[in-house]
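Right, one structure below, let's go through it.
Sequence positions, counted from 1, serve as the residue numbers for this chain.
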Amino acid sequence: MFKESITHYLKKHGYADIRLKAVLFDMDGVLFNSMPYHADAWHKVMERHGLHLSREEAYMHEGRTGAATINLVYQRQYGKDATPDMIESIYAEKSEEFNKHPDPERMPGSWEVLQKIKAEGLTPVLVTGSGQHSLLNRLSHNFPGMFRRERMVTAFDVKYGKPNPEPYLMGLEKAGVKANEAIVIENAPIGVQAGVAAGIFTVAVNTGPLDGQVLLDAGADLLFPSMQAFCDNWEIVRKELEPQE
C-alpha cells in the first residue's frame, strides 16, 4: 500500500533499504493538540505589538523557533531585524498568553502509537521547535517513560531550527542512528521540509486546518489525515518499511 513511496525515497537517496531503529516526533500538533492555542497566542501578541500574523498563517510557521517567527514577521513589516530584547519580550508575552489556555490534550492516537513503537524496541526521539516550558514539562506526565531528556531536541538546542535540517540531524545524532534508520512524524510544512532536508523518510499527519497538499508539496513521503489514522496503520507501515531480504 505504501511501497511506492518507500521505493521512491530509497531511489532518491541511493539507499538499499530502511533499517528502522528510531522514530523522530515533532511535538505540537503531533503529540499535543496545542496548535489552536499557539495560533491564538501568536495572533493576539503580535497584534498587541502592531505586527500582523493571522491565526491561519501561524500554522504555516509552526515548527520555527519563536525567535525566528517574530523576526520573520518583523522583517516583513519593517524591513529590518527585531532587536534581541524585543524578541525576548514578545516571546515571553506569547508564552504567558499560551499558558492562559487550558492544558492541551494528548493528540488522539499519539500515546497508542508510541506504545507500539516502544514495544518493538524502537527509540522515540522528540524534535520540536518549541521552547514552551509548560509543554516540555508535561511530556513526562502525558507520555510517561517515552522520551528521555538526552533524546530531545528543542528550541534551546538549535541554532537554525526548522525548516533547516539541523534539528533532525541533531535528533539522529542523539539517537545514534543514520538517516535511513529513522522516520520523522510531522504535521507542519516547515517541519516536513526539515525532515526531508535531513534525508529522513518523512510521514506527515494533517492535524490542522491546512490542505493536505501543502504537506505533500513540502516533500512528505506519506500523508495521513490524523495521528489516529497513522496509529491505525502503523503495523502496515512498519511491515512495508522492513528490508526485503
Side-chain angles (χ1 to χ4, degrees), residues 24-84 86-99 101 104 107 126-136 153-168 171 184-198 202 204-220 223:
L24 280 51
F25 284 87
D26 177 38
M27 182 171 69
D28 293 296
V30 171
L31 299 176
F32 288 112
N33 190 13
S34 45
M35 263 316 290
Y37 300 164
H38 281 294
D40 186 60
W42 274 125
H43 172 68
K44 283 179 179 167
V45 171
M46 290 289 200
E47 286 295 323
R48 211 179 284 159
H49 288 269
L51 297 164
H52 305 303
L53 179 72
S54 70
R55 289 174 179 83
E56 292 71 29
E57 194 195 341
Y59 280 88
M60 294 300 290
H61 298 300
E62 182 192 347
R64 286 189 208 279
T65 61
T69 301
I70 294 161
N71 206 39
L72 187 142
V73 176
Y74 195 86
Q75 275 181 333
R76 182 173 69 193
Q77 213 160 312
Y78 296 111
K80 59 181 181 181
D81 287 347
T83 66
M86 193 182 295
I87 288 172
E88 194 180 327
S89 165
I90 292 175
Y91 191 69
E93 272 184 61
K94 185 260 169 179
S95 297
E96 197 181 315
E97 194 66 48
F98 176 85
N99 289 329
H101 290 281
M107 190 61 81
L126 182 81
V127 182
T128 176
S130 179
Q132 206 77 54
H133 288 287
S134 57
L135 280 183
L136 293 169
V153 179
T154 74
F156 305 113
D157 302 305
V158 299
K159 183 179 178 185
Y160 301 106
K162 304 171 188 178
N164 190 287
E166 176 200 30
Y168 281 112
V184 162
I185 315 301
E186 262 289 352
N187 72 308
I190 68 168
V192 167
Q193 286 170 17
V196 171
T202 301
V205 287
N206 193 12
T207 60
L210 300 177
D211 190 297
Q213 191 59 44
V214 175
L215 296 163
L216 290 171
D217 291 346
L223 174 67

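- Looking only at side-chain heavy atoms (C-beta outward), Met86 and His49 stay at 4.5 Å or farther from each other.
- With hydrogens and angles ignored, the 3.5 Å screen pairs a side-chain donor or acceptor of Thr207 with a backbone N or O of Gly29.
- Counting heavy atoms from C-beta outward, Val45 and Glu96 have side chains that stay 4.5 Å or more apart.
- The closest donor-acceptor contact from the side chain of Glu166 to the backbone of Lys159 lies under 3.5 Å.
- At least one donor-acceptor pair under 3.5 Å links the side chain of Gln77 to the backbone N or O of His52.
- Panel note: side chain Asp40, backbone Pro36; no donor-acceptor pair is recorded below 3.5 Å.
- Of all non-hydrogen atoms in Leu53 and Glu47, the two that sit nearest each other are N-OE2, 4.4 Å.
- With sequence neighbours excluded, the residues forming a side chain to side chain donor-acceptor pair (under 3.5 Å) with Asn71 are Asp81, listed by chain and number.
- Arg55 places none of its side-chain heavy atoms less than 4.5 Å from the side chain of Trp42.
- Side-chain atoms of Asp157 come within 3.5 Å of backbone atoms of Thr154 as a donor-acceptor pair (strictly under, hydrogens ignored).
- Looking only at side-chain heavy atoms (C-beta outward), Lys94 and Met46 stay at 4.5 Å or farther from each other.
- Within the 4.5 Å cutoff, the side chain of Thr128 has no heavy atoms near those of the Leu31 side chain.
- In this structure, the side chains of Gln213 and Leu216 come closer than 4.5 Å at one or more pairs of heavy atoms.
- Taking the six-membered ring for Trp and thresholds of 30 and 60 degrees, Tyr37 and His101 have nearly parallel ring planes, at less than 30 degrees apart.
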